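Notes follow once the structure below has been shown.
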Amino acid sequence: MPLFALVDCNNFYVSCERVFSPKLAGKPVLVLGNNDGIVVARSNEAKALGIPMGVPAFKYRDLIRRHDIQAFSSNYALYGDMSQRVMETLQQFSPEVEVYSIDEAFLGLTGFTHTNLTDYGCTIRATVKRWTGIPVSVGIAETKTLAKIANHHAKQSTESSGVFDLTTWPNRDTLLAQVPVEEVWGIGPAHARRLSRHGITTALALRSADDQWIRKQMGVVGLRTVQELRGFSCLPLEQCPPPKQGITCSRSFGKPVTTLAEMREAVAVYTARAAEKLRGEQLAASALTVFLTTNPFKNEPQYSNATTLRLPVATDATPELLRVALRGIEAMYQEGFRYKKAGVMLLRLVPVGQVQANLFDRADRERSKRLMKAIDSVNARYGTDMVRLAASGLTQRWRTRFTNRSQAYTTNWQELPLVNVQ
DNA sequence: TCTGGGGTCCTAGGACCC
DNA sequence: TCTGGGGTCCTAGGACCC
């Protein structure tokens, strides 16, 4: 029988901040997303004060002040590095580890029959905490979907102390009856609404749903979820991540954009950023999508559009991608709207070494490769956008605001934490 | 003033092929 | 009155995830 553990970091971004600011322990803490706009992580204390996930921070400004809640800008350099430390620590506990997201990993425990799995989970938890400072929860079950539920239970219940083994739990049905259907992995708002209209409101009810009906309503994905709830594993461990299919860079604007000149600048900045990521992954793009949209939350004229364009030859050079992206945005841009967001997606990615040449290709690819390499290394050393194309403009407008970002404690020599020794 | 960003997979339908 | 069947590829849209 297959067996899985889901190891999930508790309030991950907040926990990363706390590792380097221990005085935040026990206090309400938030981490905010792009331009400090919305809440992307909350400590338990902040959850208890009633701050939901994903809400705009400005709506809770009074509450934040009243309870002296610490609100950090997000610091992805720090979170990415801390994540890597956690994932490396987990490697020793199983030969099969799937890094599922920045703060979660599935461990294959199939064959660990002579181990007390609850004890094992406690060892994992204690080791990760000691080595990285990050608290985690561990859920163990026969399928990934059930391991998710077990993990959720481990986090919520006080007596499970962060580890929960569903395989030895005597009254599974009682537990599944307490899990709302929308909390099941793979059931989003749309499915949850449809299911509840048919009286299916808990994980237990979903488990006993009719296969034909599920197949028709929710496709094969939904059917897999139901089978997984029944204990039949349909979702295997994916140990080597599949190659990336697309690279996106998009942003909401701090202030609405109302001119084509500004829109061109924004698109130029996003294209440059996406192209940088592309080169970092040693990939080239053969197609590109640009999109723009107005603010759907506002009661004003709405317009959104997207264009996909092909590159004659797959490329990773910013100037080439930029020419195409600007052509796309100019074709779509309509005067008279207040634009809220735009973005660029690089698609049909191929490894740089395997680019198919084109008979009519006139570009000097060697030269542009050297140019891109020079720009990337200058920017890596002296800071983002130190060197950039003129189309990106001279203002700082398109840079994300971080009013309260912590230091890159673990990835930048200039920002190492200092310790006073008496 | 202020409502995220970056992904994946599946399905249906159209175009096209023999 | 009769108007194929089977296959592939591509795209757009919808659903989900963290």
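Side chains are part of it too, since the values below use all heavy atoms of this structure and drop only hydrogens, waters and symmetry mates. Treat the numbers as computed from the prediction; the structure is a model and nothing was measured. Residue numbers start from 1 in every chain, and the chains themselves are labelled A, B, ... in the order their sequence lines are given, proteins ahead of strands.
- Computed from coordinates, the Ile102(A) CD1 to dC17(C) P distance equals 19 Å when rounded to whole Å.
- Atom NZ of Lys244(A) and atom P of dG5(B) are 17 Å apart (whole Å).
- The distance between atom CD of Glu98(A) and atom C1' of dC18(C), rounded to the nearest whole Å, is 13 Å.
- With rounding to whole Å, Asp8(A) atom CG is found 9 Å from dC18(C) atom P.
- Between Asp211(A) and Arg230(A) a salt bridge is recorded (basic side-chain N to carboxylate O distance below 4.0 Å).
- Comparing Ile38(A) and Ile247(A) by the nucleotide of DNA chain B that holds the closest heavy atom to each, the one mapping nearer the 5' end is Ile38(A).
- Within 4.0 Å of Lys341(A), counting heavy atoms only, lie sugar-phosphate atoms of the nucleic acid but no base atom.
- No contact: Leu32(A) has no heavy atom under 4.0 Å from any strand.
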Test ring-ring contact (aromatic ring centres under 6.0 Å, His included) on Phe253(A) and Tyr339(A); report intermediate values, then the result. CA-CA 8 Å; Phe253(A) 307 132; Tyr339(A) 293 96; 8.1 Å; no
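- In terms of position along DNA chain B, the nucleotide closest to Val40(A) lies nearer the 5' end than the nucleotide closest to the other residue of the pair Val40(A) and Gly219(A).
- Nucleotide dC17(C) holds its P atom 14 Å from the CZ atom of Arg224(A), rounded to whole Å.
- Residues from residues 181-216 of chain A placing a heavy atom under 4.0 Å of any atom in DNA chain C, listed by number, are Val184(A), Trp185(A), Gly186(A), Ile187(A), Gly188(A), Pro189(A), Ala190(A), His191(A).
- Each salt bridge (charged side-chain N to carboxylate O under 4.0 Å, His left out) pair with one or both residues in residues 323-333 of chain A, not counting sequence neighbours, appears once here: Arg264(A)-Glu330(A).
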Applying salt bridge (Lys or Arg N to Asp or Glu O under 4.0 Å) to Asp173(A) and Arg207(A), what does each step give before you reach the verdict? CA-CA 10 Å; Asp173(A) 289 9; Arg207(A) 194 185 69 180; 3.1 Å; yes
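- In this structure, Tyr270(A) has no ring-ring contact (aromatic ring centres under 6.0 Å, His included) partners at least two apart in sequence or on a different chain.
- Side-chain atoms of Ser377(A) come within 3.5 Å of backbone N or O of Ala374(A) as a donor-acceptor pair.
- Residues Glu228(A) and Thr225(A) have side chains that never bring a donor and an acceptor to within less than 3.5 angstrom of each other.
- Comparing dG4(B), dC18(C), dG6(B) against the side chain of Thr248(A) picks out dG6(B) as the nearest.
- For the residue pair Thr410(A)/Asp81(A), the side-chain donor-acceptor check at 3.5 Å is satisfied.
- Using a 4.0 Å heavy-atom criterion, one finds that Asn295(A) contacts no nucleic acid atom at all.
- DNA chain B lies under 4.0 Å from at least one heavy atom of each of the following residues of residues 54-62 of chain A: Pro56(A), Phe58(A), Arg61(A).
- Using a 4.0 Å cut-off between a side-chain N of Lys or Arg and a carboxylate O of Asp or Glu, Lys148(A) and Glu104(A) qualify as a salt bridge.
- Gln91(A) pairs by the side chain to side chain contact (heavy atoms under 4.5 Å, CB included) definition with Val97(A), not counting sequence neighbours.
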Per-nucleotide protein contact string for nucleotides 7-14 of chain C (B base, S sugar-phosphate only, - none; heavy atom under 4.0 Å): ---SS---
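- Look at Lys298(A) and you'll find a side-chain N or O under 4.0 angstrom from OP1 or OP2 of dC2(B).
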Treat a base pair as Watson-Crick or G-U wobble with both distances under 3.5 Å, then lay out DNA chain B in dot-bracket form, 5' to 3', with | for cross-strand pairs. ....||||||||||||||
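- For the pair Asp36(A) CG and dG4(B) C1', the computed distance is 12 Å after rounding to whole Å.
- Within residues 135-151 of chain A, the residues that have a heavy atom under 4.0 Å from DNA chain C are, in order of number, Lys148(A).
- Side-chain contact annotation: Asn35(A) with Ser252(A), donor-acceptor N/O pair under 3.5 Å absent.
- OP1 or OP2 of dG5(B) sits under 4.0 Å from a side-chain N or O of Ser252(A).
- In this structure, the ring of Tyr13(A) has its center less than 6.0 angstrom from the ring center of Tyr76(A).
- If you measure from atom CD of Gln245(A) to atom C1' of dG6(B), you get 13 Å, rounded to the nearest angstrom.
- With sequence neighbours excluded, the residues that form a side chain to side chain contact (heavy atoms under 4.5 Å, CB included) with Met53(A) are Arg42(A).
- Among residues at least two apart or in separate chains, there is no ring-ring contact (aromatic ring centres under 6.0 Å, His included) pair with a member in residues 45-75 of chain A.
- Taking atom C1' in both dG4(C) and dC16(B), the straight-line distance is 15 Å, to the nearest Å.
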What side-chain donor-acceptor pairs closer than 3.5 Å can you find for residues 289-298 of chain A, not counting sequence neighbours?
residue: Thr289(A); atom: OG1; partner: Thr308(A); partner atom: OG1; Å: 2.9
residue: Thr294(A); atom: OG1; partner: Gln302(A); partner atom: OE1; Å: 2.9
residue: Thr294(A); atom: OG1; partner: Tyr303(A); partner atom: N; Å: 3.0
residue: Thr294(A); atom: OG1; partner: Tyr303(A); partner atom: O; Å: 3.3
residue: Asn295(A); atom: OD1; partner: Phe297(A); partner atom: N; Å: 2.9

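- Counting only residues at least two apart or in different chains, ring-ring contact (aromatic ring centres under 6.0 Å, His included) contacts with residues 172-224 of chain A comprise Tyr100(A)-Trp185(A), Phe106(A)-Trp185(A), His198(A)-Trp213(A).
- The nearest whole Å value for the distance from the CE atom in Met53(A) to the C1' atom in dG4(B) is 10 Å.
- The local environment of CD in Gln212(A) is sparse, with at most 12 non-hydrogen atoms from other residues, nucleotides or ligands closer than 6.0 Å.
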